[in-house]
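Inspection log for the structure reproduced underneath, given as structure tokens.
Proteins come first, then strands; the chains are lettered A, B, ... in the order of their sequence lines, and each starts at number 1.
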Amino acid sequence: MPEPAPLLSVAGITKSFGGLAALTEVSLEVRRGEIFGLIGPNGAGKTTLFNVLTGLYQPDRGDFIFDGERLVGLKPHHVAAYGIARTFQNIRLFGNMSALENVMVGRHVRTRSGVFGAILRTAATRSEEAAIVRRAYELLDYVGIVQHAGGLARHLSYGDQRRLEIARALATEPLLLALDEPAAGMNATETNELKRLLEKIRGDGVTLLLIEHDVKLVMGLCDRVAVLDYGKKIAEGAPAAVRRDPAVIEAYLGGSLA
Amino acid sequence: MNPVATRRALSPRQRWLAYLVIAALLLALPFAVDALLGRAWVRIIDVALLFILLALGLNIVVGYAGLLDLGYIAFFAVGAYSYALLASPQFGIHGSFLLLLPLGALVAGVFGIVLGAPTLRLRGDYLAIVTLGFGEIIRIFLNNLNRPVNITNGPQGITLIDPLQFGGIALNQSYSVGGLTIAPVHGYYFVFLACALLAIIISLRLEDSRIGRAWVAIREDEVAASAMGINTRNIKLLAFAMGATFGGISGGLFASFQGFISPESFTLLDSIMVLCMVVLGGMGNVGGVVLGAILLTALPEALRYVGQLQQAWFGAVYIDPSDLRMLLFGLALVLMMLFRPAGLWPSSTRRREFAIEDEAGDEERANA
């Protein structure tokens, strides 16, 4: 039986800043419905790869195909329209908007009302607006922070801000949700809750691409992982196999993965 | 708190009653002011209404989208000249304002996009400097477009601009209706009031819409906004265009109201004045911006009376009132910003923003 086409296939992505090679010939495949982990020491190029995939950076060379479309060279908002949504390592919410409004902004790419609809308050605009509000409440409930809907995003606790970022990203109806260190700064309980949330999202048909330092979380959650070191992919495969890979142990100085 | 809930605190009947009372007050206002303070003050109210239009336009650019524009008066100029050139003896064309006002808005909107496009990658200080330059370019163009072909009549400006006309009624004439004298300032008051109310409604509706949220999202975090699928380029240009449109309409009305315009009416100082109205009133809040426009138009006029006060108190005018009043005006601005940094009537989120920063500042001081 032939394997179904991967959701995302990255081929030979190279990106350098000045003389610094942030990514060298990175290739990997993310299959539909899986949770794919991207790990590696600090400065390995994980976030750079995310920025390339979401259109924030243009790669020097290389290609990636997402859901049958070449997305290299597109602007971030086009990438979002094709179905890649992301969160940020250093949370980037719209701080002075309410939690609800943050999620409502996420609906932007799936809605159409323009200036004239807004000024004339046409029936189409009003029903679309009502649908946006309804969906935003649903998503806040889905990630478990609906009680903070009216509060400003900047006033939420750290963990709730991470959840809000996920809700906002889900509002764009992504096929692939890319999470940049979602568990950073969380305690064990919060990390566990996050793990359950991510499994629930995967269960609802969204593929997850995850940068994470919490090795326990990665090992327990991911179906497959790729390891980056100095901008090169040094391993890819099932977590259990990857953690025994000598090159990976070398990269982590034998310490944190043992 | 859900803002909708607080707005619904009045029953529909009470709301209608409130609207009726406000409408009656607004209708009676110019005649009451005329009787109590004199016709000059009706004219000041007219100007204030034009500034409301301008300030609401700038509020879209600065308040919602967070793009600091120091050349905004250029769009006012573009609207004024579009109207003046096509409704004056300058070219012998006398178009109808029903055509010319929308045309002026359109031309200003196009200018908004043309001047906005090169600035898309700029933020904050850099954007401010470039827009300041654009504002000056427009003014200098208008000042020099009298040679080799005379288009704008240069520094002499354009005179004898047509007033607004409704059927056979020209608004630069006085009319008597049932014993009530309707002077030009009264007629223009109602036209300007209608435009200002329309601008308020449009601003409020835009604020609470998909586009308005996109503007605020860009103000808050442009990278995150683009990652959420917002086409930041188009949405920013839309803000420039919408803001410029308000300015263009206002400019056309100004030209018809004054009957005369020259490049002198559109200086950097005027741009800064409009920006002051937005910032001082309360950036991003329609009510605050309206309040700012009214106060900053009325305050310099009210301060003209310091000459009379000197005469009454000291028996002579020691300091030229025109010098003193700008001094006092500046002092008033400084005091208002010291005591109400978020504006006189800030938007609810801005108020919270400043409160947080205050708390943070206090903590830092306590820790030091």
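For A:Arg112, the part lying near chain B is the backbone, with the side chain staying farther off; criterion is any non-hydrogen pair under 4.5 Å. For A:Val115, the parts lying under 4.5 angstrom from a heavy atom of chain B are both the backbone and the side chain. Proximity to chain B (any heavy atom under 4.5 Å) is restricted, for A:Glu128, to the side chain, taken from C-beta onward. For B:Leu198, no part sits under 4.5 Å from any heavy atom of chain A, backbone or side chain. Interface residue A:Leu56: only side-chain heavy atoms are found under 4.5 Å from chain B. Residue contact with chain B, scored on non-hydrogen atoms closer than 4.5 Å, involves the backbone of A:Leu120 exclusively. At a 4.5 Å heavy-atom cutoff, the contact between B:Leu238 and chain A is made by side-chain atoms alone.
In this structure a side-chain-to-backbone donor-acceptor pair under 3.5 Å is missing from B:Arg205 to A:Ala118. Not one N or O on the side chain of A:Arg92 forms a donor-acceptor pair closer than 3.5 Å with the backbone of B:Ala224. A donor-acceptor pair under 3.5 Å links the side-chain atoms of B:Glu220 to the main chain of A:Asn96, judged by distance alone.
Remark: A:Tyr82 pairs with no residue by the side-chain hydrogen bond (donor to acceptor under 3.5 Å, both in side chains) rule, at least two apart or across chains.
Across all non-hydrogen atoms, the minimal contact from B:Arg213 to A:Met97 is O-CE, 3.7 Å.
Shown are B:Val216, B:Asp221, B:Ile218; of these, the side chain to side chain contact (heavy atoms under 4.5 Å, CB included) with A:Phe94 is made only by B:Asp221.
Atoms OG1 and NZ, from B:Thr232 and A:Lys75 in turn, are 8.5 Å apart once rounded to the nearest 0.5 Å. Separating the CG atom in B:Asp208 from the CD atom in A:Glu129 is a distance of 6.0 Å, to the nearest 0.5 Å. The distance from atom CD1 of B:Ile211 to atom OG1 of A:Thr125, rounded to the nearest 0.5 Å, is 10.0 Å.
Other residues, nucleotides and ligands place more than 12 heavy atoms under 6.0 Å from the CZ atom of B:Arg123. More than 12 heavy atoms of other shown residues, nucleotides or ligands fall within 6.0 angstrom of atom OH in A:Tyr158. At most 12 non-hydrogen atoms from other residues, nucleotides or ligands lie less than 6.0 angstrom from OH of B:Tyr19.
B:Arg210 and A:Thr111 share a side-chain donor-acceptor pair at under 3.5 Å.
With chain A as the partner, the residue from B:Ser209, B:Ala217, B:Ser203, B:Ala225 showing the most heavy-atom pairs under 4.5 Å is B:Ala217. Counting heavy-atom pairs closer than 4.5 Å to chain B, the top-ranked of the candidates A:Met104, A:Arg86, A:Arg107, A:His108 is A:His108.
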Handout entry: Candidate pair B:Asn231 and A:His77, rule side chain to side chain contact (heavy atoms under 4.5 Å, CB included), full reasoning
Key = CA-CA 6 Å; B:Asn231 184 337; A:His77 64 269; 3.4 Å; yes
Practice task
Output, in order, the C-alpha distance, side-chain angles, deciding distance and verdict of side chain to side chain contact (heavy atoms under 4.5 Å, CB included) for B:Leu206 and A:Ile119.
Solution key: CA-CA 6 Å; B:Leu206 281 176; A:Ile119 292 172; 4.2 Å; yes
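Using a 4.5 Å cut-off between non-hydrogen atoms, no part of residues 67-74 of chain A approaches chain B.
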